[in-house]
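For reference, the structure discussed in these notes is given below.
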Amino acid sequence: MALKVYNYLSRELERFKPLRPEHVNMYACGPTVYDHAHLGHAKTYVAMDVIVRYLRYLGYNVRYVRNFTDVGHLLDTGEDRISRGARRERVEPMELVETYINSFNDDMDALGVIRPNITPRATCHVPEIIVWVEDLLSQGYAYEVDGNVYFSVEKFPEYGKLSQRQVDEQQAGARVEVREDKRHPADFALWKRAASEHLMRWPSPWGEGYPGWHIECSVMATKYLGTTFDIHGGGLENMFPHNECEIAQAEARNAAPFANYWLLVGSLTVNGVKMSKSLGNFLTIKDALSLYSAEAIRYFILSSHYRGPVDFSRDALQAAQRGVGRLHNTVRKLRYAMKDAASAAGTAVLAQVGGLDEYREDFQAAMDDDFNTPQALAILFELVKEVNRHLDENSRHAMGTLAAMDRIFRDLGGKVLGIVPDNLEEREGGATVAGLVEFLLELRQQARESRDWSRADLIRSRMAELGILIEDGPDDTTWRLA
RNA sequence: GGCGACGUAGCCAAGUGGUAAGGCAAGGGUCUGCAAAACCCCCAUUCGUCGGUUCAAGUCCGACCGUCGCCUCCA
């Protein structure tokens with residue numbers, strides 16, 4: 001088996017081959033930190049997270065870099081997003097940035113997105129950016145007009161190769177008016193002169209100014225990953241112009257390929273329309289987490305292919321919540337059986353010996369096929385059914401079989417997909433709660449033995465009101481938090 | 001106008017030439033004091049429409065209909 005990925009550069013499924021055999025260098029465009037993140041961000045970074053996790057599962061040593069954009073990303077009005085946010089909240093720009101970096105990290109932690117190895121910030125790389133702009137000027141790829149420096153797309157014939165666009169066939173100024181000082185409408189800013197009221201500014205050879213939006217990613221990606229690196233990821237909507245500009249700057253300056261594989265994530269939509277700040281149709285990650293579990297949100301995102309769009313709806317999230325709940329129930333039962341020495345000392349083994357390996361192989365085959373998580377989930381659910389059947393049909397299990405099944409859930413559901421927590425059974429509220437619940441279950445069991453059903457049911461319903469679900473099995477009673 | 005994506009059961013969603021995965025929901029059954037959980041059965045003669053290629057098409061080609069994305073705001 002070999003990993004194949006869909007490379008937007010070639011528009012083909014390609015065998016994945018990193019520059020160095022055991023090592024993968026990977027970059028993803030991060031968020032502009034001027035507000036709380038919403039579910040659209042969650043989709044992109046959960047998808048990238050699973051890609052990183054799977055590469056590590058395959059044994060690669062992955063260095064994953066994801067930036068924070070904290071300057072230079074402008075609104076249609078020309079105002080910097082960070083500046084506007086700072087004015088809105090009456091704080092210093094860097095205070096605003098700090099707040100929303102922390103917010104973003106909190107959200108990603110809560111979603112189980114593993115932190116990248118490096119999270120560079122644009123404002124921390126202004127000296128490097130200035131060097132790049134100087135280089136591009138001296139190499140003839142850029143020109144300066146009154147404190148603004150533009151990249152000349154006509155000097156880089158490959159401009160458009162990622163998005164497969166012919167610059168001259170685009171409708172120039174379709175959305176934003178073309179600046180008169182550009183030689184070509186598609187030229188983009190490397191460095192911008194700071195107007196007098198502009199808050200963020202750095203001295204440069206062209207006067208006080210600030211970096212353009214695209215240059216930071218070229219500079220930071222190559223600084224930490226090398227002139228040419230393996231994977232560049234991010235949201236599909238950034239393919240043009242942002243990613244296209246990154247390539248142009250980096251390949252023009254370094255005369256070397258930028259990223260070998262471009263893996264781009266489809267957008268999250270609401271009623272078919274993209275979730276975005278500007279449309280106001282967004283749900284923040286924090287709000288989503290108050291309604292659904294992190295695993296349910298991840299499951300929802302992973303239940304469609306990363307390159308495609310996902311349409312958000314309450315129904316879809318609720319279905320995900322229930323689905324992931326069934327997965328958790330099975331894992332919980334499995335681990336419960338492992339703790340039960342009497343049951344685990346038995347000899348029952350899974351009917352098809354070696355069948356467990358097949359699940360792992362099928363899962364890998366799905367993930368090897370351009371990270372086909374819906375297919376991988378389907379296989380995980382087939383295993384859920386198999387394990388449930390095994391647990392149902394046998395009261396005394398072979399510890400080795402239980403451990404092998406648990407290992408698969410930990411590896412595939414936990415390490416790779418991040419939807420099966422390692423500590424599922426420890427979420428049950430701590431020793432004090434556990435002691436109380438066990439005591440109540442004891443009382444209820446006494447009531448049941450004396451056939452006092454109304455008292456037994458009263459205890460069960462009152463506990464359910466407190467969020468503690470009781471389930472009577474053939475031999476014993478189990479409980480869990482709702 | 002240019003580039004691109006998508007249209008599979010009530011809902012979500014895999015499947016790129018060989019006869020429709022998986023999840024949620026609905027229905028029937030087993031188990032159970034009841035409930036819950038779990039298991040079993042059932043759930044698309046059919047993949048937007050119409051043509052074409054082929055022994056064979058959801059899968060390839062063409063046209064049409066519909067939805068959406070990008071074309072210097074976005075993850």
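A quick note: this is a predicted structure, and the numbers were derived from the prediction, not measured. A, B, ... follow the sequence lines: proteins, then strands. Residue 1 opens every chain.
- OP1 and OP2 of B/C74 both lie 4.0 Å or more from every side-chain N or O belonging to A/Thr32.
- Taking atom P on both B/C65 and B/G29, the two are 50 Å apart, rounded to the nearest angstrom.
- Put simply, CZ on A/Arg165 is 11 Å from P on B/C3, counting in whole angstrom units.
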message = Pair A/Phe258, A/Phe229 - check ring-ring contact (aromatic ring centres under 6.0 Å, His included), show working.
response = CA-CA 7 Å; A/Phe258 183 48; A/Phe229 56 95; 5.1 Å; yes

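- Ranking B/A75, B/C71, B/C40 by closeness to the A/Phe240 side chain, first place goes to B/C71.
- With a cut-off of 3.5 Å on both pairing distances, the Watson-Crick or G-U wobble partner of B/G7 is B/C65.
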message = Under the criterion ring-ring contact (aromatic ring centres under 6.0 Å, His included), I'd like the reasoning laid out for A/Phe188 against A/Tyr150: C-alpha separation, chi angles, the key distance, then a yes or no.
response = CA-CA 5 Å; A/Phe188 56 92; A/Tyr150 295 107; 9.0 Å; no

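- Distance CE (A/Met239) to P (B/C70): 11 Å, rounded to an integer number of Å.
- Aromatic rings of A/Tyr45 and A/Phe104 (six-membered ring for Trp) have centroids within the 6.0 Å cut-off, being under it.
- The local environment of CZ in A/Arg389 is crowded, with over 12 non-hydrogen atoms from other residues, nucleotides or ligands closer than 6.0 Å.
- Between the P atoms of B/C6 and B/U16, the separation comes to 12 Å (whole Å).
- Here A/Ser163 lies in heavy-atom contact (under 4.0 Å) with sugar-phosphate atoms only.
- A/Leu236 places its CG atom 12 Å from the C1' atom of B/C3, with the value rounded to the nearest Å.
- Distances shown here put every side-chain N or O of A/Arg451 at or beyond 4.0 Å from the OP1 or OP2 atom of B/C34.
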key: B/S/- contact track for nucleotides 11-29 of chain B, protein heavy atom under 4.0 Å   = --SSS-----BSSSS----

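- Checking B/A38, B/A75, B/U72 against the side-chain heavy atoms of A/Met275 singles out B/A75 as nearest.
- Two rings, from A/Tyr100 and A/Phe68, have their centers 6.0 Å or more apart.
- Here A/Lys43 lies out of heavy-atom contact (under 4.0 Å) with every strand.
- The neighbour count for A/Arg121 CZ, taken as heavy atoms of other residues, nucleotides or ligands under 6.0 Å away, is above 12.
- Remark: A/Arg307 qualifies as a cation-pi partner of A/Tyr6 under the 6.0 Å distance and 45° angle criteria applied to the six-membered ring.
- The listed nucleotides are B/A37, B/U72, B/G33; the one nearest the side chain of A/Asp472 is B/G33.
- A/Asn238 has its CG atom 6 Å from the P atom of B/C74, to the nearest Å.
- Within 4.0 Å of A/Asn67, counting heavy atoms only, lies no atom of the nucleic acid at all.
- Between the CG atom of A/Asn329 and the C1' atom of B/A37 there is a distance of 7 Å, rounded to whole Å.
- For B/C55, the paired base is B/G18 (Watson-Crick or G-U wobble, both distances below 3.5 Å).
- In this structure, B/C42 forms no base pair with any nucleotide, since neither Watson-Crick nor G-U wobble geometry is met with both distances under 3.5 Å.
- Comparing B/A25 with B/C42, their C1' atoms sit 14 Å apart, to the nearest whole Å.
- When atom types are taken as modelled, the side chain of A/Asp187 and the backbone of A/Lys182 share no donor-acceptor pair closer than 3.5 angstrom.
- Distance A/Leu39 CG to B/C74 C1': 15 Å, rounded to the nearest Å.
- Side-chain atoms of A/Ser461 come within 3.5 Å of backbone atoms of A/Asp457 as a donor-acceptor pair (strictly under, hydrogens ignored).
- Comparing the same atom, P, in B/C55 and in B/G66 gives a spacing of 35 Å after rounding to whole Å.
- Within 6.0 Å of CZ on A/Arg455 lie no more than 12 heavy atoms contributed by other residues, nucleotides or ligands.
- As rounded to whole Å, 11 Å separates atom P of B/A75 from atom CG of A/Asp35.
- One C1' atom belongs to B/C41, the other to B/C50, and the distance between them is 39 Å to the nearest Å.
- Nucleotide B/C70 forms a Watson-Crick or G-U wobble pair with B/G2, both donor-acceptor distances falling under 3.5 Å.
- Comparing B/G51 with B/C12, their P atoms sit 28 Å apart, to the nearest whole Å.
- Under 4.0 angstrom from either OP1 or OP2 of B/C39 there lies at least one side-chain N or O belonging to A/Asn388.
- Atom name C1', nucleotides B/A63 and B/A26: the rounded distance is 39 Å, in whole Å.
- The CG-C1' distance, from A/Asp457 to B/A36, rounds to 12 Å in whole Å.
- When the P atom is used for both B/U49 and B/A9, the distance is 10 Å, rounded to whole Å.
- Nearest-nucleotide positions on RNA chain B for A/Val265 and A/Arg448 put A/Arg448 closer to the 5' end.
- In this structure, the nucleotide among B/C39, B/A75, B/G33 sitting nearest to the side chain of A/Ser267 is B/A75.
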